[in-house]
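Reviewing the structure listed below.
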Amino acid sequence: MTPVKILAPGLYIVATPIGNLGDLTMRGRDILATADAIACEDTRVTGKLLSAFGLKRPLIAYNDHNADKLRPKLMEMIAGGQVVALVSDAGTPLISDPGYKLVRDCVAAGLTVTTAPGASAVLAALVLAGLPTDRFLFAGFLPPKSAARRVALGELTAVPASLVFYESGPRLAASLADMADMLGDREAAVARELTKLFEEVRRGTLDSLAAHYGEAGGPKGEIVVVIGPPLARETAAADLDAALRRALSGNSTRDAAALVAGETGLPRKQVYARALALAQEIKTGDASD
Ligand code: SAM
């Protein structure tokens, strides 16, 4: 029999499966088996997980409603020598789930904080999307209303990386349409029910995915949307605009265009046309201030 390891007092962030129970790590299981208490979002959900593994430990609900009140108590337990595990309903705690302030405060108080990492829908979707993985930005859930969602997307247009969002079935088609409008018709993937029986990854451009889900309706289950980095021509256009704006402050339109055409090697005519448009935009902007 494997001897049970005695854990040092501390906060243990334990990832739990996002669907397939086999994805709980052995170390995660050992920590859950021996923790003095397990802080969890919903005691019923975590109770089920524990019973699937034949475990029974004291559960403490720690969620958005009671976190401020409960945090000092959990910290007192740890300071008093106890092992407290933190789990969420599924996946990695703190990732669009509670726990950040508990970690922050435990760190500030000099308490031990460690983790048994494991499943998270972000990485599971990213590795299946077939899109660049060298740089990615996880942006959690977008706002539910279109106007706010478009503002949030607008802040991400120039990020030179793949983008990852959590999304719900009923909002998927509208979100994809906003993404296509605000980010351009980039390559994307909709990953659904990851690690579960009906796991599905649908790949395509944002326009085609928006059209598909607009017709088919919102799919059931849990969803992650992964979007590829800006198209080369969008980056080039953004770079050209930035260079022209710099050159236009302090130079005539003609000189600015000549400077930037020299710097970039782009055709003079194209750069001059864009310089004229930008100079007009700048003038109109100044006039309306
Ligand atoms: N902390 C979790 C993690 O590490 O993945 C995420 C919690 S967040 C409240 C729940 C969202 O994660 C779901 O709405 C969905 O967007 C995504 N998600 C969770 N499990 C998933 C799965 N099996 N397949 C696809 N998306 C999933």
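Start at 1 and go down the list; that is how both ligands and their atoms are numbered.
Checked against Leu11 for a side-chain contact (heavy atoms from CB on, under 4.5 Å), the options Val107, Leu74, Val103 give a single hit: Val103.
In terms of N/O distances under 3.5 Å, ligand 1 is approached by Ser120. Residue-to-ligand polar distances keep Ser88 apart from ligand 1: every N/O pair is separated by 3.5 Å or more. Not a single N or O atom of Pro93, backbone or side chain, sits closer than 3.5 Å to an N or O atom of ligand 1. On a distance-only criterion, Ala191 and ligand 1 share no N/O pair closer than 3.5 Å.
Geometrically, Arg192 does not engage Phe198 in a cation-pi contact, judged by NZ or CZ lying under 6.0 Å from the ring centre and within 45° of the ring axis.
Listed by number with element, the atoms of ligand 1 under 4.0 Å from a non-hydrogen atom of Gly91 are 3 (C), 4 (O). Close approach of ligand 1 to Glu193 is summarised as follows: ligand atoms under 4.0 Å from at least one heavy atom of the residue are 23 (N), 24 (N), 25 (C). For ligand 1, the atoms sitting less than 4.0 Å from at least one non-hydrogen atom of Thr92 are 1 (N), 3 (C), 4 (O), numbered in the order shown with element in parentheses. Set against the non-hydrogen atoms of Glu167, the atoms of ligand 1 under 4.0 Å away are 16 (O).
Contact annotation: the side chain of Val84 never approaches that of Ile60 to less than 4.5 Å [non-hydrogen atoms, C-beta and beyond]. Counting heavy atoms from C-beta outward, Asp42 and Asn63 have side chains that stay 4.5 Å or more apart.
Not a single heavy atom of Thr195 lies less than 4.0 angstrom from ligand 1.
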Audit row: Glu76, Arg71, salt bridge (Lys or Arg N to Asp or Glu O under 4.0 Å) steps and yes/no: CA-CA 9 Å; Glu76 246 172 58; Arg71 210 172 300 124; over 6 Å; no
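Nearest non-hydrogen protein atom to atom 2 (C) of ligand 1 is Ala90 O, 3.3 Å. Distance from atom 16 (O) of ligand 1 to its nearest protein heavy atom, with residue and atom name: Ile223 O, 2.6 Å. Looking from atom 26 (N) of ligand 1 to the surrounding protein, the closest heavy atom is Val224 CG2, 3.4 Å. Protein heavy atom nearest atom 18 (N) of ligand 1, with residue, atom name and distance: Ala121 CB, 3.5 Å. The shortest contact between atom 25 (C) of ligand 1 and any protein heavy atom is with Glu222 O, 3.1 Å. Scanning the protein heavy atoms around atom 14 (O) of ligand 1, the nearest turns out to be Phe141 CZ, 3.4 Å. In this structure, the protein non-hydrogen atom closest to atom 22 (C) of ligand 1 is Leu194 N, 3.5 Å.
In this structure, Lys196 places its NZ atom where more than 12 heavy-atom neighbours from other residues, nucleotides or ligands lie under 6.0 Å away. Under a cut-off of 6.0 angstrom, the local environment of CZ in Arg104 is crowded, with over 12 non-hydrogen atoms contributed by other residues, nucleotides or ligands.
Side-chain atoms of Thr195 and Asn20 include no donor-acceptor pair closer than 3.5 Å.
If you look at Lys196 next to ligand 1, the close heavy atoms, those under 4.0 Å, all belong to the side chain. When non-hydrogen atoms are compared, ligand 1 lies under 4.0 Å from the side chain of Asp97 (C-beta onward) but not from its backbone.
Rounding to the nearest 0.5 angstrom, the gap separating the CG atom in Leu259 from the CZ atom in Arg246 is 11.5 Å.
Side-chain atoms of Arg149 come within 3.5 Å of backbone atoms of Pro144 as a donor-acceptor pair (strictly under, hydrogens ignored). Formation of a donor-acceptor pair under 3.5 Å by the Asp178 side chain with backbone atoms of Arg150 is not found in this model.
Of the candidates Phe165, Tyr166, Phe138, Tyr166 brings a heavy atom nearest to atom 3 (C) of ligand 1.
In summary, the aromatic rings of Phe165 and Phe138 are positioned with their centroids too far apart to meet the 6.0 Å limit.
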